[in-house]
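These notes concern the structure reproduced below.
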Amino acid sequence: MKAGDQGAPLPLKLANKMLRIPELTPKSGCEWRPSQVCPVPYRPDRNSSGSVLCEGKLFHDFASGETLDAPALLAKVEGLDFRSAAKVFIELAGVGPTDSTNRVPFPGCVSLPPAEKPWEKPSLPQLEPLTRNERRILSELRGLSLESVELVHRRGFLWGLWWRGYRAWALTDSERWNCQWRRLDGCKWERHHGGSQFTSWGAKEIGDRRPLAGWPIGICEAAGFGSIALVEGGHDLLAAFHFLQLAGRAHCVAAVCMLGVSRIDAAALPHFAGKRIRIFCHADPASLDGGTKRPGLEAAARWTGQLVSVGCIVDAFDFSDLTKCDGHPVTDLNDLAHICDQDYESERETLETLMFF
């Protein structure tokens, strides 16, 4: 992120405090409407792949992964170097002399009515508590202790719902920016007209607003913890509580879940600042067709860079050479609950470092 605030001259720091992105656009002659989900203003964008975050202070481009503060956004859309954009930004904020000459409006802007509720959260299905018997079914389905599933429930992350005629278990948190659910019978969802199946359904599929795909489930609830086990996928959040309880660390280490491989949302990053983070990413097997993509490992690398940028101490757990009872390799934290007793004995030193914090 290009941050005009850190190490910047006093006028720019003051301007950054006074002028947010929603107020910047009309002042610069643009009728582009910045909001939680909006088009990227500096290129054609039919998919609305932009998002204004941090109470209007940052803009994130999901297509490129770039995050810009207000002066950097101004520089990009008007084709200016950062120094020139900073000068214009200071003027627009009323900190310096006003000079409206040579002003170029944001490209591709159209006249739109003002947003009534730019920060409204996405719609979610009707959620209700899972019964104790359903929590027992879930613990058996995932091969995890009932006590750990009960803890996830008490922390407010685990919910139930009826979806397309099936009972499902869902994960979300108090912020309700994101949610994902799976069938409680362990089967996959079927598409309307046949064809492929899929394991999980997310809030992005319903409602008129998108969730924040990069919102980490449980990050606000981790405020009182100095250490975080950061996992990828809902079943791994359950597994994190399972192993935290086994290690006697559930009282001092928080479990936080990314529901996919998106970058950590910029609005969530400050909640990680200064903490000790251990990442448990999916150890994707190498592609049989010679492909080189390893989404889980690539996501862990992105998250590491983001977390280090806010002062975190970060490492990652290595699942290499661990095998489940069925002979398949361990590729995620939930798989680790399915290793054989003799393998546990041989790998005891590795496994005892699981929750090192």
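All heavy atoms count here, side chains included; hydrogens, waters and symmetry mates do not.
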How close do [X] and [Y] get, heavy atom to heavy atom, and via which atoms?
X: F225; Y: C252; answer: CD2-C, 3.4 Å
X: L333; Y: F243; answer: O-CE1, 3.5 Å
X: S148; Y: S145; answer: OG-O, 2.7 Å
X: C38; Y: F59; answer: SG-CE1, 4.0 Å
X: W189; Y: W163; answer: CZ3-O, 3.3 Å
X: V261; Y: E232; answer: CG1-OE2, 3.5 Å

Any donor-acceptor pair under 3.5 Å from [X] side chain to [Y] backbone:
X: R276; Y: G226; result: no
X: D173; Y: G218; result: yes
X: E78; Y: A85; result: no
X: Q306; Y: I264; result: yes

### Query
W162 and E128: side-chain contact (heavy atoms from CB on, under 4.5 Å), yes or no, with the steps?
CA-CA 9 Å; W162 287 98; E128 58 191 30; 4.2 Å; yes

With heavy-atom distances below 4.5 Å as the criterion, would you say the side chains of [X] and [Y] are in contact?
X: P125; Y: W201; result: no
X: E91; Y: K87; result: yes
X: W169; Y: L238; result: yes
X: P216; Y: F272; result: yes
X: L130; Y: R135; result: yes
X: Q245; Y: E147; result: yes
X: D236; Y: C257; result: no
X: L151; Y: L244; result: no

### Query
Taking the inter-plane angle between the rings of W177 and W215 on a 0 to 90° scale, is it parallel (under 30°), tilted (30 to 60°) or perpendicular (over 60°)?
tilted

### Task
Look at the aromatic rings of H235 and H282 and report parallel, tilted or perpendicular, splitting at 30° and 60°.
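Plane angle between 30° and 60°, so tilted.
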
### Query
So, is the end of the R176 side chain (NZ or CZ) under 6.0 Å from the ring centre of W159 and within 45° of the ring's axis?
yes

#### Entry: side-chain contact (heavy atoms from CB on, under 4.5 Å) partner of L259, the single match among I217, T172, V231
I217

### Task
Would you please test R132 and L146 for side-chain contact (heavy atoms from CB on, under 4.5 Å) and show each step?
CA-CA 9 Å; R132 180 172 175 79; L146 177 58; 3.6 Å; yes

### Query
Does F82 belong to the same Ile/Leu/Val/Met/Phe/Trp/Tyr cluster as I90, with side-chain heavy atoms less than 4.5 Å apart forming each link?
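Same cluster: F82 reaches I90 through Ile, Leu, Val, Met, Phe, Trp or Tyr contacts under 4.5 Å.
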
### Task
Determine whether L297 and I279 fall in the same hydrophobic cluster, where Ile, Leu, Val, Met, Phe, Trp and Tyr are linked whenever their side-chain heavy atoms lie under 4.5 Å apart.
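No, no single cluster joins them.
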
## Note on the structure
Here the gap from D315 atom CG to L307 atom CG, rounded to the nearest 0.5 Å, amounts to 11.0 Å

### Greater than 12 external heavy atoms within 6.0 Å of R136's CZ
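Count over threshold, so yes.
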
